[in-house]
Amino acid sequence: MPKPESEPMNDSVNIFQEYRHRIIAAVEAAAAAGALPAGLDTSRVSVEPPREAAHGDITTNAAMVLAKPAGMKPRDLAVVLAERLAALDTVAGVDIAGPGFVNLRLKQSVLYAQLVQVLKAGPAYGDTTLGAGAPVNVEYVSTNPTGPLHVGHGRGAVVGDALAGLLEKAGYAVTREYYINDAGAQVDALAWSVGFRYLQALGEKISEETFEGSCPQGQLQYRGEYLIPVGRALMEKFGDSLAIKDEDGAFELPAIDEWLPKVREFAIDAMMDLIREDLAALGVRQSVFSSERQLAGRGAVEEALEFLKERGLIYQGILEPPKGKTPDDWEPREQTLFRATRFGDDVDRPVRKSDGSWTYFATDMAYHLDKYRRGFKIMINVWGADHGGYVKRMRAAVKALTGGEGELDVKLCQMVNLTDDGKPVKMSKRAGTFVTLRDVIDKVGKDVVRFIMLTRKNDAHLDFDLTQAQEQSRDNPVFYVQYAHARCRSVLRHAAEEFTSEELAPRSLARAKLGRLADPAEIELIRTMAQWPRMVEGAALAHEPHRIAYYLQEFAGRFHALWNMGKDNASLRFIATNDRELSLARLALVQGVAFVIASGLKVFDVEPVEELR
RNA sequence: GCGCCCUUAGCUCAACCGGAUAGAGCAUCGGAUUUCUAAUCCGAAGGUUGCAGGUUCGAGUCCUGCAGGGCGCGCCA
């Protein structure tokens with residue numbers, strides 16, 4: 001019984017996935033018919049777009065992968081498969097090539113149907129159900145709340161945010177989370193640094209050197225001017241009640257207990273406000289902010305360690321010094337240790353400091369247990385590359401705390417090399433030329449920052465040139481992609497002179513005579529569109545949002561090429577004179593291109609522009 | 001010394017679960033174009049994928065060793 005040709009295309013977006021099912025069905029049917037052995041393992045069968053357009057639309061390695069278990073030569077097996085696949089009503093031709101690739105050429109109607117899908121779905125094209133609603137926690141930024149974000153933080157923020165967007169598009173239930181490191185020594189140092197600004201706000205002419213001499217070693221760590229308003233705000237709220245006068249009548253800080261907790265809390269709040277502003281300026285929206293201090297305060301660390309202790313994973317022991325490079329002050333010490341080695345780490349890790357307080361790692365374990373208990377089996381953390389040495393122990397901890405149920409992936413972001421017209425921008429705080437993330441956003445715009453941060457793999461160094469980021473030229477990837485979208489919109493605006501808005505509505509364009517799209521460049525563009533859902537799934541599975549940026553650049557390139565062809569050859573222009581049918585088919589294509597670009601930019605939360613200024 | 005990451009065209013980088021002749025952009029070279037489909041276009045050349053082995057029908061991709069670069073290495077976060 002023949003099936004209607006268009007029917008199967010409507011319930012599946014990723015045509016490669018769809019044909020994978022069909023190819024495996026063909027293997028099974030061949031087995032049932034006795035042409036192949038039964039029960040072949042098809043898990044390694046891949047179905048992909050071929051690299052060479054000449055190889056057709058879809059290629060599979062099935063014959064090569066199955067040859068050995070089937071006890072057949074790859075090409076013999078390919079013949080069996082090819083015969084069955086050739087019988088599919090959407091297949092125009094089958095070739096066997098190279099060592100045993102089976103290449104399918106699809107009827108063009110399949111590609112047109114794909115364009116119809118794009119027009120019907122709009123920017124939602126490429127949304128998949130891959131994740132099946134599974135909860136995923138993406139934790140990113142998570143800095144100490146001690147100052148404004150710098151450019152490196154910005155990269156982590158964008159990578160995390162885009163990864164979250166990507167996973168959402170792929171059908172996961174994503175929570176975007178920030179872990180506030182508001183406990184520990186760093187925020188105490190922040191409190192001291194704010195205390196200094198507070199005394200200044202009270203009118204004390206106190207120098208950094210003097211204050212430094214009067215406070216514990218190394219506590220005046222944060223000397224940036226951004227703390228001056230915090231000191232002033234502290235004075236406005238508390239007056240001089242947090243200070244006392246010495247015998248000369250000068251203000252100084254009293255005993256630690258009397259001022260530091262209050263100042264610390266105030267300062268942390270102020271810094272988090274600052275950070276949230278930076279994140280907002282970057283368009284990063286995290287919905288959960290977890291406080292390390294609160295977590296520890298409610299006994300979560302004790303709970304997590306008790307959990308591990310019951311399983312024999314906590315013990316008192318003495319670590320070996322690191323081989324080859326023993327620290328000068330090394331002396332063997334008994335510590336409370338977590339058996340990280342049992343879960344793949346190199347050494348067991350301490351959970352308690354000698355003063356009895358928890359290590360950062362201990363609190364982080366509690367935090368990840370907390371995430372797991374909130375329902376997240378898939379956790380992703382985005383960290384700076386300098387935390388690379390911490391990955392193994394944290395993954396070990398997650399395994400231990402979740403009984404192997406939880407999976408932690410850590411994306412390490414390499415440094416950002418900020419330059420301006422090729423010259424390095426000095427990032428020195430001391431020289432007063434410190435460039436914050438906010439400075440960069442204000443200069444080039446959030447969408448530019450977001451896109452450029454994603455033009456490299458997270459674990460590769462990234463060069464960010466302020467001048468190039470603002471250029472309107474081919475060198476600037478953001479511009480290049482945005483320009484493609486703007487060109488599409490421009491064509492559609494022009495089309496409104498000849499067509500009604502009803503005719504130009506996507507749902508109307510979906511009924512255009514798409515068979516009129518016959519130029520190879522047009523077909524190639526549709527073919528690239530058809531790969532978009534697969535691209536989303538692949539990038540989501542690999543947790544690699546940068547792939548989207550590359551796809552968009554390539555796709556935009558193909559569109560620009562088609563546009564340029566119309567410059568030389570007027571018959572290839574999108575709006576054809578005296579041929580409304582052809583114009584509408586091409587406008588459908590143009591609208592489809594705009595949707596796919598919008599769909600991709602949406603993953604990055606970058607706004608597609610209607611026109612360029 | 002140990003662990004993790006990186007090494008691909010002159011430069012900056014891609015390469016989807018191991019697939020076919022390793023791809024883009026810039027720069028270089030050769031053409032086109034003086035304009036409105038705005039902020040060029042087309043083409044060429046460019047490679048022992050750091051080195052040496054191994055696994056595989058097939059390796060940039062996986063394994064082992066080596067070299068170079070980065071990060072980290074008991075109570076910093």
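Lettering of chains follows the sequences in order, A, B, ..., and the numbering in each one begins at 1.
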Would you call the rings of His153(A) and His150(A) parallel, tilted or perpendicular if under 30° counts as parallel and over 60° as perpendicular?
parallel
Look at the side-chain N and O atoms of Lys457(A) and state whether any lies under 4.0 Å from the OP1 or OP2 oxygen of A14(B).
yes
Compare side-chain N and O positions of Tyr480(A) against OP1 and OP2 of G25(B) and report whether any pair is under 4.0 Å apart.
no
Side chain of Arg456(A), heavy atoms from C-beta onward: which of G3(B), G74(B), U12(B) has the nearest atom to it?
U12(B)
How many whole angstroms separate atom CD of Glu544(A) from atom C1' of U61(B)?
12 Å
Are Tyr178(A) and Tyr140(A) an aromatic pair by the rule of ring centers under 6.0 Å?
no
What is the base-pairing partner of U35(B), counting Watson-Crick and G-U wobble geometry with both distances under 3.5 Å?
none
Strand partner of C73(B), provided both Watson-Crick or wobble distances fall under 3.5 Å:
G1(B)
Can you classify the ring geometry of Tyr390(A) versus Phe361(A) as parallel (below 30°), tilted (30 to 60°) or perpendicular (above 60°)?
perpendicular
Please say whether the positively charged group of Arg534(A), taken as NZ for Lys or CZ for Arg, lies over the ring of Phe16(A), i.e. under 6.0 angstrom from the six-membered ring centre and within 45 degrees of the axis.
yes
May I ask which nucleotide in the shown strands pairs with U28(B), Watson-Crick or G-U wobble, both distances under 3.5 Å?
A44(B)
Below 4.0 Å: OP1/OP2 of G74(B) and any side-chain N or O of Arg333(A):
no
Is it the case that C17(B) (base atoms only) and Arg44(A) (side chain only) share a donor and an acceptor within less than 3.5 Å, ignoring hydrogens and angles?
no
Verify, without hydrogens or angle tests, whether His485(A) (side chain) and Val609(A) (backbone) share a donor-acceptor contact under 3.5 angstrom.
yes
I'd like to know if His387(A) reaches the base of A77(B) with its side chain such that a donor and an acceptor end up less than 3.5 angstrom apart.
yes
Nearest to side-chain heavy atoms of Lys567(A), which nucleotide of G19(B), C4(B), U40(B):
U40(B)
Taking the six-membered ring for Trp, are the ring centroids of His494(A) and Phe574(A) within less than 6.0 Å of each other?
no
Side chain of Glu611(A) - closest among C76(B), A38(B), C16(B)
A38(B)
Nearest-nucleotide pick for His461(A), side chain only, options being G19(B), G70(B), G74(B)
G70(B)
Quick check: on RNA chain B, is the nucleotide nearest Ala97(A) upstream (toward 5') of the one nearest Pro332(A), or the reverse? Name the residue that is more 5'.
Ala97(A)
Is there a Watson-Crick or G-U wobble partner for U55(B) with both distances under 3.5 Å, and which nucleotide is it?
none
Please evaluate the base of G72(B) for a donor-acceptor partner in the side chain of Asp386(A) within a cut-off of under 3.5 Å?
no
Measure from the side chain of Arg534(A), starting at C-beta and using heavy atoms only, and say which of C16(B), G74(B), G3(B) lies closest.
C16(B)
Under 4.0 Å, counting only non-hydrogen atoms across every strand here, what does Asn103(A) touch: a base, just sugar-phosphate, or nothing?
base
Across all strands, who's sitting opposite U7(B) as a Watson-Crick or G-U wobble pair, both distances under 3.5 Å?
A67(B)
Sugar-phosphate or base contact per nucleotide [nucleotides 30-35 of chain B; S, B, -; heavy atom under 4.0 Å]:
------
Quick check: any donor-acceptor pair below 3.5 Å linking the side-chain of Tyr550(A) to the base of A24(B)?
no
Where the side chain of Val65(A) is defined as all heavy atoms beyond and including C-beta, which of U37(B), A15(B), G19(B) is the nearest nucleotide?
G19(B)
For A15(B), which nucleotide in any strand shown is its Watson-Crick or wobble partner with both distances under 3.5 Å?
none
Between U12(B), A15(B), A38(B), which one does the side chain of His546(A) approach most closely?
A15(B)
Using O4'-C1'-N9-C4 for purines and O4'-C1'-N1-C2 for pyrimidines, with syn meaning within 90° of 0, is C71(B) syn or anti?
anti
Nearest whole Å is fine: how far is C4(B) P from Asn381(A) CG?
20 Å
When both distances are under 3.5 Å in a Watson-Crick or G-U wobble arrangement, the nucleotide paired with U21(B) is none
Proximal nucleotide (of C42(B), C57(B), A39(B)) relative to the Ala561(A) side chain:
C42(B)
Arg547(A) side-chain proximity, nearest of C17(B), A14(B), U37(B)
C17(B)
